[in-house]
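What follows is a set of notes on a single structure, which appears directly below.
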Protein chains: 2
Amino acid sequence: MAGRPTLAAVAAAAGVSPSTASLAFSGSSRVAPHTRDRVLAAAQRLGYPGPDPVAASLRRGRTGVIGAFIGERLLYAFRDPHAITLLDGISEVLGAHGAGLLLLAGDAGRPSAEQIARLPLDAAVFATCGLEDDPAIPLLRRRGVPLVGVEGPVGTDVLIDIDDFGGSRELARHVHDLGHRRVEVIAMPLRLDGTTGPVSGARRARTHYRDVRRRLAGVEDVFGSVPIHETASNSVADGLAAGRAVLGVPAERRPTAVIAQSDVLAAGVLQAAAELGLRVPEDVSITGFDGADLHWLGDTRLTTVEQPTAEKGRAAARAAMALVAGDRPQDVLLPISLRIGTTTGPAPRGANGHR
Amino acid sequence: MAGRPTLAAVAAAAGVSPSTASLAFSGSSRVAPHTRDRVLAAAQRLGYPGPDPVAASLRRGRTGVIGAFIGERLLYAFRDPHAITLLDGISEVLGAHGAGLLLLAGDAGRPSAEQIARLPLDAAVFATCGLEDDPAIPLLRRRGVPLVGVEGPVGTDVLIDIDDFGGSRELARHVHDLGHRRVEVIAMPLRLDGTTGPVSGARRARTHYRDVRRRLAGVEDVFGSVPIHETASNSVADGLAAGRAVLGVPAERRPTAVIAQSDVLAAGVLQAAAELGLRVPEDVSITGFDGADLHWLGDTRLTTVEQPTAEKGRAAARAAMALVAGDRPQDVLLPISLRIGTTTGPAPRGANGHR
DNA sequence: AGCGAGTGTCGAATCGATTCGATGGGGAGG
DNA sequence: CCTCCCCATCGAATCGATTCGACACTCGCT
């Protein structure tokens, strides 16, 4: 009688069997109100805090915990409003189901195998990491953990997706229609190795992230091969650095439009343009992707591809809950739309000469 | 033999007892290398993914999951770089220990009691919610879950704290020394009821958040009673709204200095000042609190009180791990320091008349 | 009064691993 | 050659609840 009271102790105190006590706590209608009250009173008296979640999980086979993988370290991932909104959507649905959200981030890139093996999970969502062959996937798969992928990884049970290619192409066409011919793409990391700068064809071909690859393809579908500048991570700071590199060149070599692969990167490029005294969109057009809420931009409205980020999160969470329940939910393809803002305009005259 | 293989099945296949197989997986030195290899080979052969975490948790009495309470909904909490940095610090330490971070947010303000009762937790950190008497605290306490508080809640086992009062007072003194006499505070929510606008004495006295209260007291220690404008949440948007209200009045009633209770709010006030054509710091001085990394401010360096946010998170996580291990860690008081930036300057002449 | 239906409670098996104390065998020392 | 000790392995209890099928009792109907 040293430790915390158990359900058995409560049952004994209430003069019922453990099974009845359990029924009383689970709110089953098969127990008489009178009996339930007696059990609850006994629990109150003994200071019993309710059934032990771990024991219940073992027996039930479900823990009520859904894991969310974020490719990077928390600090970096959450600099991105898009990632936060996505996670908020997930959290919203999970909360409504009484489930918990377990964050899986890594010190050095991703959660350790040990961590994955030791944590109780009913299902996992690959949220902000489009790594196509994340090593965690087979690990979890072997453990029988249902997997939901968001816009990226392969080998999951369900995929929540958007038309990256189509959206990117539509955006590129808009830029093309404005007369731009010298464009440059500022890309999110193509692989997880910290490389930055101009991207060679070989590296381009070995792009590790599906969303990155598809967005590139959309642009290339319109412009053909375009110069790509890779960033170390998807952040304003890296967008700024890339923007400086791409825009800080003699005017005749400077692109007239910069297509950033995310709004966060675009925000950095906007900063770089401001630093260099370039007017947007008169001197240079800048586009993003995501339709994130960049509150600090003030009046500037970024031309971007808007995706229903929160809904993407919700859909992912719903799919995860469905998988846990044993259903086989459908893949989801969410609509996206071009949003034309104030950061794109006609290409400057005479700027479209040779390159 | 239908479901996933169990440790017992592996043991049988390897020709050893379950206990030995368990030892082999836990990496105990008490098992012969030869035997371990045999067990591991059998596991490989059967596709055994390693010991079930839930069963292990039940037996061990520990789940390896630490909960983090964030007062608000994810979306709002993570708009604040300070909150993210704090959580990153927590995540860093937990990751190093192979523990997981379970996010506890709420649709409507906080996690439901049901959720708290059902989730497996070894300990919990009250991270970004300074609510002094959060109803979750007694709930968890009854369940025997060790609690760590960050700068706020009472009734936890360990408190990770900073000197809000001292820091705020030092900041206020700096403002006072610059000659400002007409100052106004823009406060984070005093209570969780969505009220905004000027704060009455009665409401001031019923401040629910400890950090808010202490920061107020620091200012009042220097300036005496000052007008307070309460915001609906700690966000740039609400800071902007408050800034408009406070600064958008005739110059003779306008404060010469605005003391915002967080950097995020201050960022909003800066925006409001810009909108109203007020120069900072010539026309109005603006201060923040936290020392967050507001990358979008460009050259503007906010005068603020800098706190070691990441270290606060790490300290909280270390305390949580220590509590789980059965230790009784000490409370932690972290140092803070005034950081004078470019947003404070001498009070405009002749502005300090009657109010 | 007898029978069937329905309701409330109970027993016992089960979820899957961990761990302590016991046991057996082999090697070293006398 | 015998004994003592140590090390690797094993048995069995345990963690705390859930759940299925069985059982007893009551009520209603004929």
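Below, chains carry the letters A, B, ... as their sequence lines are ordered, and counting in each starts from 1.
Residue A:T6 is classed as a sugar-phosphate contact, given heavy-atom separations below 4.0 Å to backbone atoms only. Using a 4.0 Å heavy-atom distance criterion, B:V16 is classed as a sugar-phosphate-only contact.
The pair A:D157-A:R328 does not meet the salt-bridge criterion, since no charged nitrogen lies less than 4.0 angstrom from a carboxylate oxygen.
A straight line from CG of B:L23 to P of D:dC10 spans 10 Å, rounded to a whole angstrom. When rounded to the nearest whole Å, the span between CZ of A:R60 and P of D:dG16 equals 17 Å. Straight-line distance from the CZ atom of B:R59 to the C1' atom of D:dT14: 5 Å, rounded to whole Å.
Phosphate contact (OP1/OP2 of D:dG16, side-chain N/O of A:Y48, threshold under 4.0 Å): absent. For B:T20, a side-chain nitrogen or oxygen approaches OP1 or OP2 of D:dC10 to under 4.0 Å.
Atom OG1 of A:T35 sits about 10.5 Å away from atom CG of A:L23, to the nearest 0.5 Å. Rounded to the nearest 0.5 angstrom, B:F69 CZ and B:L140 CG are separated by 5.0 Å.
Comparing C:dT18, D:dA12, D:dT19 against the side chain of A:S22 picks out D:dT19 as the nearest.
In terms of polar N and O atoms assigned as donor or acceptor, the side chain of B:R30 comes within less than 3.5 Å of the base of D:dT9 in a complementary pairing.
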